[in-house]
Amino acid sequence: MTIYESLGARAIINVSGSSTRVGGALMPQKVVEAMSLAALESVSMTELQAAASRRIKQATGAEAGYVTSGAAAGLTLGAAAIMAGLDPAKMERLPDTTGMKNEFIISREHRNGYDHSIRLAGARLIDVGMNEQVAGAGVRRTEAWEYEAAITERTAGIAYVALPDSQPPLPRVIEVAHKYKLPVLVDAAAQLPPAVNLRRFIDMGADLVAFSGGKAIRGPQSTGILAGRKDLIASVALQHLDMDEHFDIWEPPADLIPKDKLIGIPRHGIGRGFKVAKEGIAGIMTALDLFTHGVYKVDMETYRRYLEAIADGVSGLPVEPRVMPAKGEGFPMLHLVLDTKKIGRTAFEVCRDLKRGAPGVFPNEGMLEKDTLVIHPMNLSDERVEAVARRLREVMGKG
Ligand SMILES: *Cc1c(COP(=O)(O)O)cnc(C)c1O
């Protein structure tokens, strides 16, 4: 019986990747051990975040860093830091941004469900560009001049979502932003691997970059990393940490919070509800260490073997299995192309039936429109491979 069954929830197998709704990435034993040890000792959270900042600085090349409760929280805190700076009165007012510079320019192509996190801080998103390629109405993507044309006295910064083919290229957007002394906040939540991306956007000059801790870094699901400019990270810390302190005897580490630059300390800020546990920080710092030292790379051969075993397990079914080799440092994937006529159900229905079973099997749903179930290997084990193959046979054998 799994821990979740003993709590009254169903056992499932997550073959969709690091998706949050099915628990994110499973953690390596070393990360779990670090979290257990952290749970048995007390620590000053300010000093622990300062220590984490130094490690994030090393791993990313940024001036400073901070552990957030996920990349989404990193976006909220980053937007709040950009708008409030080191002004405690502004920190106390958020998300009310009346009269403050509160606009973030974003390409229409970059709009997505997570930009709610930026708006949550009180920011307004100003869309630029068109979605011509998706609309099939043109060949051009968003261009750097369109950001420049949208800058006004209300502009606080630029929001950018980094994907391998994001346009315009980040360096062009940074060039425009910095010409007007505006910071660029980058959502790079799922841009690891490759590990070089930890440094890449910072090297380009991005002012704040948010990564997920619970995706390929394999840290706790509710952690993330925010890396960037020291003054902005200081503002993040002030709006996130528990601020029930007496200013006169408060001694935050100077490399995280420059107390001498503050007229006072705000009370609990907009980030107080995005609490990060000491166990979470110990976990993500351990996972980051494993990730940056290439410890996970050795798993890739095992992943390919798992996917081939599942492909073998569906032979004879009305399914064409295609093992897709890993691109670069990415994961290999298994595409199961369904013959929905023979099965007598749509890919959506097959997927639903897989999720309903015991154990529930949750594939990646990104290609269901193309009659394809995508199997991501990161959370598999020999036992789970067998269970997945069995469930696929049960669900598709019935026809
Ligand atoms: C996953 C993801 C997020 C959210 O990350 P969390 O760490 O789960 O908060 C934000 N933006 C993008 C593009 C993502 O893929």
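Please read these numbers as outputs of a predicted model, since none were measured by experiment. Ligands are counted one by one from 1 in listed order, and the atoms in each one are counted from 1 as well.
If you check each of Ala162, Ser212, Ser222 against atom 6 (P) of ligand 1, the one with the closest non-hydrogen atom is Ser212.
Heavy-atom proximity to Thr20, at under 4.0 Å, picks out these atoms of ligand 1: 8 (O). The atoms of ligand 1 that sit less than 4.0 Å from any heavy atom of Gly70 are 7 (O), 9 (O). Those atoms of ligand 1 that come under 4.0 Å of a heavy atom in Ala190, given as number and element, are 15 (O).
Asp371 places none of its side-chain heavy atoms less than 4.5 Å from the side chain of Asp339. Contact annotation: the side chain of His240 approaches that of Val276 to within less than 4.5 Å [non-hydrogen atoms, C-beta and beyond]. Residues Gln49 and Val67 form a side-chain contact, since some pair of their non-hydrogen atoms from C-beta on lies under 4.5 Å apart. Annotation: side chain of Asp244 is in contact with side chain of His268 (closest heavy-atom distance under 4.5 Å). Residues Val374 and Pro363 are not in side-chain contact: their nearest non-hydrogen atoms beyond the backbone lie 4.5 Å or more apart.
With a 4.0 Å cut-off on non-hydrogen atoms, Ala71 touches ligand 1 through its backbone as well as its side chain.
The protein atom (non-hydrogen) at minimum distance from atom 11 (N) of ligand 1 is Asp187 OD2, 2.7 Å. Atom 9 (O) of ligand 1 has as its closest protein heavy atom Ala72 N, 2.9 Å. What sits closest to atom 4 (C) of ligand 1 on the protein, heavy atoms only, is Tyr114 CE2, 3.5 Å.
Between His110 and Tyr160, the gap from one ring centroid to the other is short of 6.0 Å.
Here the CZ atom belonging to Arg119 is positioned 12.0 Å from the CG atom belonging to Leu75, to the nearest 0.5 angstrom.
Considering backbone and side-chain N/O of Ser69, none are found under 3.5 Å from N/O of ligand 1. Polar contact check, Lys215 against ligand 1: a nitrogen or oxygen pair lies under 3.5 Å apart.
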